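Below is one structure, written out as structure tokens; the observations come after it.
Since the structure is predicted, the reported quantities are computational estimates derived from the model, not experimental observations.
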Amino acid sequence: MSETTTPIVTIASIGQYEGQTVTLRGWLYNIRSSGKLLFPTFRDGTGTIQGIVPKAAVPEQVFETLKGLQLESSLTVTGKVRADSRAPSGYELDVENVEVISAVSAEEPFPITLKEHGVDFLMEHRHLWLRTPRQSAILRVRASIMRAASEFFDTDGFIRTDPPILTPNACEGTSELFEMDYFDNDKAYLTQSGQLYIEATALALGKVYSFGPTFRAEKSKTRRHLTEFWMIEPEVAYLELDGLMDLAEGFISHIVTRVLEQHRADLKVIGRDVAKLEAIIARGPNGERVPFPRLAYDDAHVMLEKAYAEGKIENPHKYGDDFGSPDETYISSQFDKPVMVHRYPAAIKAFYMQPDPADPTKALCVDVLAPEGYGEIIGGSQRVDSYDLLKQRIEDHDLPLAAFQWYLDLRKYGSVPHSGFGMGIERAVAWICGLDHVRETIPFARTLNRIYP
RNA sequence: UCCUGAGUAGCUCAAUGGCAGAGCAUUCGGCUGUUAACCGAAGGGUUGUAGGUUCGAGUCCUACCUCAGGAGCCA
């Protein structure tokens, strides 16, 4: 429509074009008017910018077109970029021309308004909710967290080896699995962890990781649960528990560092208290790295006993039991960095975890609890490397031995100490973004009660 | 699965057992610096579903449905 050629730019990069006439391709995010002045706000996926349209300065048709346009109509807009201290982003656009690509009907206006909505309504319109600045910012941070996570392993000699998503049996035999028919007579299940498979690839390649979707058919209805979520899992041959904790610490530090480097603006949109994240990677007085606190299960139990005696938690923690959500929240609230709780009682942990030689009733495992009550974001362990012990564990847990024969083979042919952990991406995103529910951390959350849209 | 809570206009919410209401959104009008703009007006309702109590039920009772938060379990 414009007779002259103007550069097509993104809102994120518009500062480079101050004083120039440019074209944006996007959507109408909001529009205000003051008589013969219009203030349309445009968005293009990279940000938002307010345009100014004085009636006297543009063709009648441009003014009337914008005035009658519904929110989220798509359009291209041409105008001159001007720095303005009144604008939140620092720039405004003096609109010269608009071309409507697709107008939204007034009979069915865009359902997501700038006012508040309920959770159910927003989730029902998730495909449109994604367009709002906060949701877009969260997805950008999610993408960077995933990139930083891969990057950490890729640059440290890890080989990405993704396990199958369709599996013949339960990994741990505890969680509920999504079941399906697999051709004739056989059942297949959606994976709930690729761990057993990457133990195999780790013994082949040394340092490996997997990154993919995971499925849990648990009837969990909380702010921390999805039925389909993404998990990144490293597995390393010849690595023992202490080294595994070092790995987890470096991993989390790297991700937080990258997010702080790249997403200050997004974190501001989300409303995240950045100081809480800076504390994660804060250095000591001489610039030295400050390790994450490491707390043995027994010491964590003592901490909880004291907290209960002082009335800081409602229910006493019974020694030998796993920590409940309120317990984890209390423990993590005592530190401003993620806390690594290790050596849980073997009886409450998975069959494949190596017993502690110093106390065989304990497992060489670690849970990383995120600060601010976000709970467990990482669970990991050193794996049983003895054939006989592993076989006995499988039998003790009433797991089908035949299905685990290949897994036992790993202990038959050159078994070595090895360790790994898994981090749930959505929980990490929820923590880093300071969200109160994981459903906002993934484009289309799958939960107990929702599989639409 | 258990516990708790919520379902009223497109959305967010009010309404002592006694006329069904507001803000936003939509439509119309006003306003040359608005930031979830503001001001005026109009249209918009099978109060989640099915029963019951009552002269009268959005409100009280029963069952069911949907959703949310929590517990357990987990990442």
Run the side-chain contact (heavy atoms from CB on, under 4.5 Å) test against A:Pro443 and tell me which residues pass, sequence neighbours left out.
A:Leu139, A:Arg142
Separation of the P atoms in B:G10 and B:G45, to the nearest angstrom
8 Å
Would you kindly say whether A:Ser381 and A:Arg383 are connected by a side-chain donor-acceptor distance under 3.5 Å?
yes
Between A:Phe158 and A:Phe152, does the ring centre distance come in under 6.0 Å?
no
Please state whether the rings of A:His127 and A:His125 are parallel, tilted or perpendicular, taking 30° and 60° as the class boundaries.
parallel
Please give, in whole Å, the distance from B:G10 C1' to A:His125 NE2?
9 Å
Return the value, rounded to whole Å, for the distance between atom CE of A:Met423 and atom P of B:A75.
13 Å
For nucleotides 26-34 of chain B, read 5' to 3', which letter fits each nucleotide if B means a protein heavy atom sits under 4.0 Å from the base, S means only the sugar-phosphate is that close, and - means neither?
SS---BBBB
Counting any heavy atom closer than 4.0 Å, what does A:His437 reach on the DNA or RNA strands: base, sugar-phosphate only, or nothing?
sugar-phosphate
Quick one: stems involving RNA chain B, counted as three or more successive Watson-Crick or G-U pairs, both distances short of 3.5 Å.
B:1-7 with B:65-71, B:10-13 with B:21-24, B:26-30 with B:38-42, B:48-52 with B:60-64
Of the listed nucleotides (B:A71, B:C74, B:A68), which one gets closest to any side-chain atom of A:Thr222?
B:A71
Residues from residues 307-323 of chain A sitting under 4.0 Å of RNA chain B, heavy atoms only?
A:Asp322
Between B:U1 and A:Lys219, is there an OP1 or OP2 to side-chain N/O distance shorter than 4.0 Å?
yes
For A:Gly324, which contact category applies under a 4.0 Å heavy-atom criterion: base, sugar-phosphate, or nothing?
sugar-phosphate
Counterpart residues, side-chain hydrogen bond (donor to acceptor under 3.5 Å, both in side chains), relative to A:Glu376 (two or more places apart)
none
B:A25 phosphate, OP1 or OP2: any side-chain N/O from A:His117 under 4.0 angstrom?
no
Hey, which sits more toward the 5' end of RNA chain B by its nearest nucleotide, A:Glu328 or A:Thr447?
A:Thr447
Using the P atoms only, state how far B:U46 lies from B:A68, rounded to an integer number of Å.
25 Å
Expected output: side-chain A:Arg427 to main-chain A:Val438 donor-acceptor under 3.5 Å
no
Integer-rounded Å distance: B:C11 P and A:Phe121 CZ:
6 Å
Do the side chain of A:Gln192 and the main chain of A:Arg216 share a donor and acceptor less than 3.5 angstrom apart?
no
So A:Phe421 and A:Phe251, would you call those rings parallel, tilted or perpendicular, with 30° and 60° as cut-offs?
tilted
Scan side-chain atoms only and decide if A:Arg140 and A:Gln262 contain a donor-acceptor pair under the 3.5 Å cut-off.
no
When the C1' atoms of B:C64 and B:C28 are considered, how many whole Å apart are they?
45 Å
Nearest-Å distance once atom P is located in both B:G51 and B:U12:
28 Å
Identify, between A:Val119 and A:Ile425, the residue whose nearest nucleotide on RNA chain B lies closer to the 5' end.
A:Val119
Return yes if the base of B:C73 and the side-chain atoms of A:Ser220 contain a donor-acceptor N/O pair under 3.5 Å, otherwise no.
yes
Atom NZ of A:Lys115 to atom P of B:A9: distance rounded to whole Å?
18 Å
Classify the nucleic acid contact of A:Asn30 as base, sugar-phosphate or nothing, counting any heavy atom under 4.0 Å across all strands shown.
sugar-phosphate
Just call it for A:Glu376: base, sugar-phosphate, or nothing, with non-hydrogen atoms closer than 4.0 Å on any strand.
sugar-phosphate
Would the distance check show the side chain of A:Thr441 and the main-chain N or O of A:His437 forming a donor-acceptor pair, the cut-off being under 3.5 Å?
no
Distance, rounded to the nearest Å, where A:Arg427 contributes CZ and B:A75 contributes P
8 Å
So, OP1 or OP2 of B:G69: does either fall under 4.0 Å of a side-chain N or O from A:Arg439?
yes
Could you work out the separation of B:U47 and B:G58 based on their P atoms and round it to a whole Å?
7 Å
Please check this pair: side chain of A:Thr23 against backbone of A:Thr78, looking for a donor-acceptor N/O pair closer than 3.5 Å.
no
Out of B:A75, B:A36, B:G72, minimum distance to the side chain of A:Ser325 belongs to B:G72
I'd like to know if A:Lys349 and A:Asp367 make a salt bridge, using a cut-off of under 4.0 Å between side-chain N and carboxylate O.
yes
What is the distance from CG of A:Leu448 to P of B:A68, rounded to the nearest Å?
8 Å
Ignoring hydrogens and geometry, is there a side-chain-to-backbone donor-acceptor pair from A:Arg126 to A:Pro453 under 3.5 Å?
no
Between B:A14 and B:A22, how many Å separate the two C1' atoms, rounded to a whole number?
7 Å
Using the C1' atom as the point on both nucleotides, what is the distance between B:C65 and B:U49, in whole Å?
7 Å
Please tell me if A:Asn449 has a side-chain N or O lying less than 4.0 Å from either OP1 or OP2 of B:A68.
yes
Just grab all the side-chain hydrogen bond (donor to acceptor under 3.5 Å, both in side chains) pairs involving residues 81-90 of chain A, residues at least two apart or on different chains.
A:Arg82-A:Asp84, A:Arg82-A:Glu92, A:Arg82-A:Asp94, A:Asp84-A:Arg86
Taking atom C1' of B:G10 as reference, at what distance in whole Å does atom CD of A:Glu108 sit?
10 Å
Rounded to whole angstroms, how far apart are CD on A:Glu116 and P on B:U12?
10 Å
Rounded P spacing from B:A42 to B:G52 in Å:
40 Å
So does A:Arg134 get a side-chain nitrogen or oxygen closer than 4.0 Å to the phosphate oxygens (OP1/OP2) of B:A36?
no
